[in-house]
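Here the structure is laid out as structure tokens; the discussion comes afterwards.
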Amino acid sequence: MLSGIQPTGDIHLGNYLGAIRQWVADQHDHDALYCVVDLHALTLPQDPAVLRAKTLECASVLLAAGLDPDVCTLFVQSHVPEHTELSWLLECTASMGELRRMTQFKDKAVKGGEESARVGLFTYPILQAADILIYDADRVPVGEDQRQHVELTRDLAQRFNQRYGETFVVPEPAIGKVGAKVVDLQNPTAKMSKSSPQGTVLALDPPDVIERKFKRAVTDTGNEVRFDPETKPGVSNLLTILALATGRGVDDVAEEYSQYGPLKADAAAAVIELLRPLRERYAELAADPAGTAAILSRGADKAQAIASTTLARARAHVGLLPRG
Ligand code: TRP
């Protein structure tokens with residue numbers, strides 16, 4: 001199993017509840033690799049010093065959340081250069097047409113103008129395919145927004161296998177449950193994201209900040225507490241968060257509340273407790289950056305041992321002359 005996370009922006013409650021918590025659970029049931037995809041981040045402008053710092057921070061948050069380097073493999077994408085070499089072989093497998101159909105490229109390129117979009121933004125799904133195929137991953141846990149990229153990965157693997165003989169495992173997406181979708185506290189029609197600081201609870205926010213963000217959360221007209229994302233998106237989001245944080249069902253939680261105030265307060269308290277161990281463990285890791293760097297280096301060694309074998313197979317199958 002393989003999944004990746006970009007080291008841009010801060011890890012927030014939506015990432016934690018929607019993905020990272022599942023990664024932590026999955027590491028015990030699967031042979032799991034998790035990758036901080038710093039090369040993917042370069043598809044948009046990044047300040048070099050910030051990118052470097054955020055890559056370490058992102059890895060530290062994942063460790064603080066419970067990824068255990070003795071159980072899973074956690075590493076930084078650019079530490080295993082085999083990804084980019086396989087990416088080239090896959091660029092020579094993919095077609096312009098199928099990349100043009102990627103909706104994420106269309107969305108992002110429209111924003112900044114396609115003419116000035118980086119070529120890497122266009123080829124990004126191929127690098128993602130390389131991330132997956134190079135580990136023979138058969139399972140890729142991602143959000144719904146990444147389904148198309150995993151489908152492309154499947155197509156590329158099948159085409160390559162057909163053209164050159166059995167080389168890659170064809171992966172399946174493992175899309176998280178719909179119920180795990182956490183939206184912006186200020187704008188409940190948008191996903192929780194780093195671009196909305198007041199509506200987004202960060203994994204490392206201190207308790208008083210979390211409390212304030214929930215207090216100011218947008219609710220809905222009317223005063224009834226009921227789970228109905230269509231007509232009551234704000235309240236439903238608070239119920240979702242409280243339910244996910246406490247491991248209960250949304251309707252079950254909804255029955256206990258008749259007012260918005262107590263629901264907000266309890267959601268805040270539950271999230272503070274949920275994130276407390278992560279914050280404490282993060283403080284220890286942040287005090288020892290060399291320790292985290294060593295963990296990542298070991299992770300890259302383990303990943304590279306697999307990646308180099310797959311890459312050698314792919315190189316041989318396409319007909320590259322072995323170096324004598
Ligand atoms: N594109 C993914 C995202 O933006 C990140 C990613 C890169 C990824 N490589 C991956 C996810 C491989 C799963 C598997 O969220």
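We count ligands from 1, going down the list as the structure has it; atoms in each ligand are counted the same way. Heavy-atom basis, side chains included; hydrogens, waters and symmetry copies ignored.
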List the closest protein heavy-atom neighbour of atom 5 (C) of ligand 1: residue, atom name, distance to the nearest 0.1 Å. Gly4 O, 3.8 Å
Among all protein heavy atoms, pick the one closest to atom 9 (N) of ligand 1 and tell me residue, atom and distance. Asp131 OD2, 2.7 Å
N/O donor-acceptor pairs under 3.5 Å from side chains in residues 121-130, not counting sequence neighbours:
unit_1	atom_1	unit_2	atom_2	d
Thr123	OG1	Val119	O	3.3
Tyr124	OH	Gln6	NE2	3.2
Tyr124	OH	Gln104	OE1	3.4
Gln128	OE1	His149	ND1	3.1
Gln128	NE2	Gln146	OE1	3.2

Which option out of Gln146, Gln6, Gln128, His149 puts a heavy atom nearest to atom 15 (O) of ligand 1? Gln146
Residue and atom name of the nearest protein heavy atom (relative to atom 4 (O) of ligand 1), distance in Å to one decimal: Tyr124 OH, 2.9 Å
Write down the atom of Pro277, the atom of Glu273, and the distance for their closest heavy-atom approach. CD-O, 3.3 Å
Atom pairs and distances, donor-acceptor, side-chain atoms in residues 280-287, under 3.5 Å, two or more places apart:
unit_1	atom_1	unit_2	atom_2	d
Arg281	NH1	Glu284	OE1	3.4

Proximal atoms of ligand 1 relative to Val140 (non-hydrogen, under 4.0 Å): 13 (C), 14 (C)
Taking it one step at a time, do Tyr164 and Leu89 satisfy side chain to side chain contact (heavy atoms under 4.5 Å, CB included)? CA-CA 12 Å; Tyr164 303 112; Leu89 301 186; over 6 Å; no
Name the residue from Arg212, Lys213, Arg279 that meets the salt bridge (charged side-chain N to carboxylate O under 4.0 Å, His left out) definition with Asp205. Lys213
If the cut-off is 4.0 Å to any non-hydrogen atom of Leu2, which atoms of ligand 1 fall inside it? 12 (C), 14 (C)
Atom indices of ligand 1 within 4.0 angstrom of Val37 heavy atoms, with elements: 7 (C), 9 (N)
Can you tell which part of His40 has a heavy atom less than 4.0 Å from ligand 1: side chain, backbone, both or neither? side chain
Can you give me the closest heavy-atom contact between Val182 and Gly14, atom names plus distance? CB-CA, 4.1 Å
Show which atoms of ligand 1 fall inside a sub-4.0 Å distance from at least one heavy-atom site of Val142. 11 (C), 13 (C)
If you compare all heavy atoms of Ile241 against all heavy atoms of Phe214, which two are closest, and at what distance to 0.1 Å? CG2-CZ, 4.0 Å
Against heavy atoms of Ile132, which atoms of ligand 1 measure under 4.0 Å? 12 (C), 14 (C)
